[in-house]
Amino acid sequence: MKDHVRRGQRARAAGQWTEAHAAYKAAFEAADPATSTERERAELAGELGLCEVALHKHRDAAEHLARSLELREALPEALRRRFEAGLREAAKHVATLIFAVDPPDAEVLVDGKRIGRTARTYTLFLEPGQHMVRGRAPGCQDALHTLRAVADAEHEFTMPLPCAATSSAKEASSAKEAASTTPISVRTLPAPRAQAPSPWASWPGTLRITGIAVTTGALLGGGIFMVRASKLDGDLSERRDGLTRGATPSSSMCWQAPQDSPCADLVRLRDARNLSAGVGTGLVIAGGVIGALTAASFFTDFSFLGRTPTQGRVHLAPVATGRETGVSIEGQW
């Protein structure tokens, strides 16, 4: 083992990563738990992982560096930092899979390959793309989980294996035994039906609140302008009566008068009254239209504009990774 390590150190110093990888791999495989220490095994796994990072074997690098850091307490601080930096670099190019299996002694296969250890919780590293995880145990139904792994992302799930009761009758046990031949897909279990969204939820609710506020403001403003127009009309009538008192009334006696005449105030009052009446009428009409649209929105279904696909539909989403570009199609059949 030490000969392999010395050969790996020389190759690494010379920048010969392929030779260094071969030497450290031979040393890692030759390490015997009975004759080597935890620090030696942790260093070998970490150095092998760093060689794999340099050779762009990111999945293997992440596996070996993670295994090395499981014994981080036995590593010197400088080595631990190197291995942690290498793991961060490798994790950018692979997907991290964290899942729990029940019962914990179940056999786990990833893409048909058996994982060489048993545990309640697994942390694995996968290349980006489609993968299948299968769990099986004697007396239990198989569990199947499919996923599309994304680089630099974590995927978490649980995978229970339904097992037959030990104290069941012969008929029940035979029925369960027959059922155990059919895998149960975790992804195809029916999802609970979501509650109906509130009429105030999401962006339609925001528009409804805005519509109510605008309607109230428009009607209030229109009323104020119309009250002002009514007051100006009263003032206009009072002044006009004062000017025409004792004279023969004429519809054009003031409107055709020059600007510096006493009738100029009447002209200004008339224009102000007409402007206030026009603005008030426009605000009332606009408020009524917006109010009608807001009321109609409560009877309109906006689910067809939502991002979440409704039950029974097929959802298409673009997917892009460092190695491939395509479309992910999801649905229920």
Side-chain angles (χ1 to χ4, degrees), residues 25 28-29 31-34 38 41-42 44-45 48-49 52 57-73 87 90-91 93-192 328 330-333:
K25 184 176 181 181
F28 179 74
E29 294 173 349
D32 187 356
E38 286 187 350
R41 295 193 297 273
L44 288 175
L48 178 59
E52 288 164 340
K57 298 181 179 181
H58 297 111
R59 192 199 67 80
D60 294 338
E63 290 281 357
H64 289 122
L65 288 167
R67 183 178 300 184
S68 171
L69 291 172
E70 289 177 358
L71 304 173
R72 66 179 67 242
E73 299 300 329
L87 180 58
H93 305 277
V94 296
T96 304
L97 182 62
I98 303 173
F99 63 96
V101 180
D102 187 25
D105 59 347
E107 183 182 28
V108 176
L109 300 92
V110 178
D111 297 332
K113 297 180 180 179
R114 183 179 180 277
I115 303 299
R117 56 191 173 92
T118 58
R120 181 176 292 275
T121 302
Y122 291 83
T123 300
L124 304 177
F125 300 94
L126 302 176
E127 296 287 350
Q130 197 76 16
H131 296 278
M132 181 178 67
V133 182
R134 188 186 190 99
R136 62 189 182 188
C140 300
Q141 294 178 338
D142 287 6
L144 185 67
H145 188 93
T146 58
L147 75 152
R148 186 173 187 84
V150 179
D152 198 18
E154 286 189 358
H155 304 269
E156 298 184 12
F157 63 91
T158 58
M159 194 163 61
L161 281 67
C163 298
T166 56
S167 60
S168 60
K170 289 184 178 180
E171 292 81 7
S173 62
S174 61
K176 292 178 181 179
E177 200 172 277
S180 66
T181 59
T182 304
I184 294 178
S185 175
V186 178
R187 290 178 62 88
T188 57
L189 293 177
S328 173
E330 297 179 355
Q332 289 190 350
W333 290 269

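For the single chain, residues carry numbers from 1 onward in sequence order.
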Could you work out, with side-chain hydrogen bond (donor to acceptor under 3.5 Å, both in side chains) as the rule, every residue matching His131, not counting sequence neighbours? Asp111

Considering all heavy atoms, the nearest Ile115-Val110 contact: CD1-CG2, 3.8 Å

Test of understanding: with salt bridge (Lys or Arg N to Asp or Glu O under 4.0 Å), list the residues that count as partners of Arg136, not counting sequence neighbours. Glu107

To the nearest 0.5 angstrom, please state how far the CG atom of Asp142 sits from the CG atom of Leu109. 9.0 Å

Return the set of residues passing side chain to side chain contact (heavy atoms under 4.5 Å, CB included) with Glu70 (not counting sequence neighbours), or none when no residue passes. Arg67

CD of Glu156 to OG1 of Thr96, rounded to nearest 0.5 Å, is 10.0 Å

For Ala137, which residues count as a side chain to side chain contact (heavy atoms under 4.5 Å, CB included) partner, sequence neighbours excluded? Pro103, Ala106, Cys140, Leu161

To the nearest 0.5 angstrom, please state how far the CG atom of Leu48 sits from the CD atom of Glu29. 8.5 Å

Results of salt bridge (Lys or Arg N to Asp or Glu O under 4.0 Å) for Arg41 - residues two or more places apart only: none

What pairs meet the ring pair (Phe, Tyr, Trp, His ring centres under 6.0 Å) rule with one or both residues in residues 95-130, with sequence neighbours excluded? Phe99-Tyr122, Phe99-Phe157

Between Leu71 and Ala42 the two heavy atoms that sit nearest each other are CB-CB, 3.9 Å

Would you give the length of the straight line joining atom NE2 of His64 to atom CZ of Arg59, rounded to the nearest 0.5 angstrom? 8.5 Å

Locate the shortest heavy-atom distance separating Pro104 from Arg120; write the atom from each residue and the value. CG-NH2, 3.4 Å

Testing the basics here: between Gly49 and Ala61, what is the closest heavy-atom pair and its distance to 0.1 Å? O-CB, 3.4 Å

Could you pull out the closest heavy-atom pair between Val94 and Ala90, with the gap in Å? CG2-O, 3.4 Å

Atom pair NE2 (His155) and CG (Leu124), whose distance is rounded to the nearest 0.5 Å: 12.0 Å

All heavy atoms of Ala143 vs all of Pro160, minimum pair found to be CB-O, 3.7 Å

Starting at CZ of Arg134, measure out to CG of Leu144 and round the result to the nearest 0.5 Å. 6.0 Å

Verify side chain to side chain contact (heavy atoms under 4.5 Å, CB included) between Val133 and Leu147, making sure each step is shown before the conclusion. CA-CA 8 Å; Val133 182; Leu147 75 152; 4.3 Å; yes

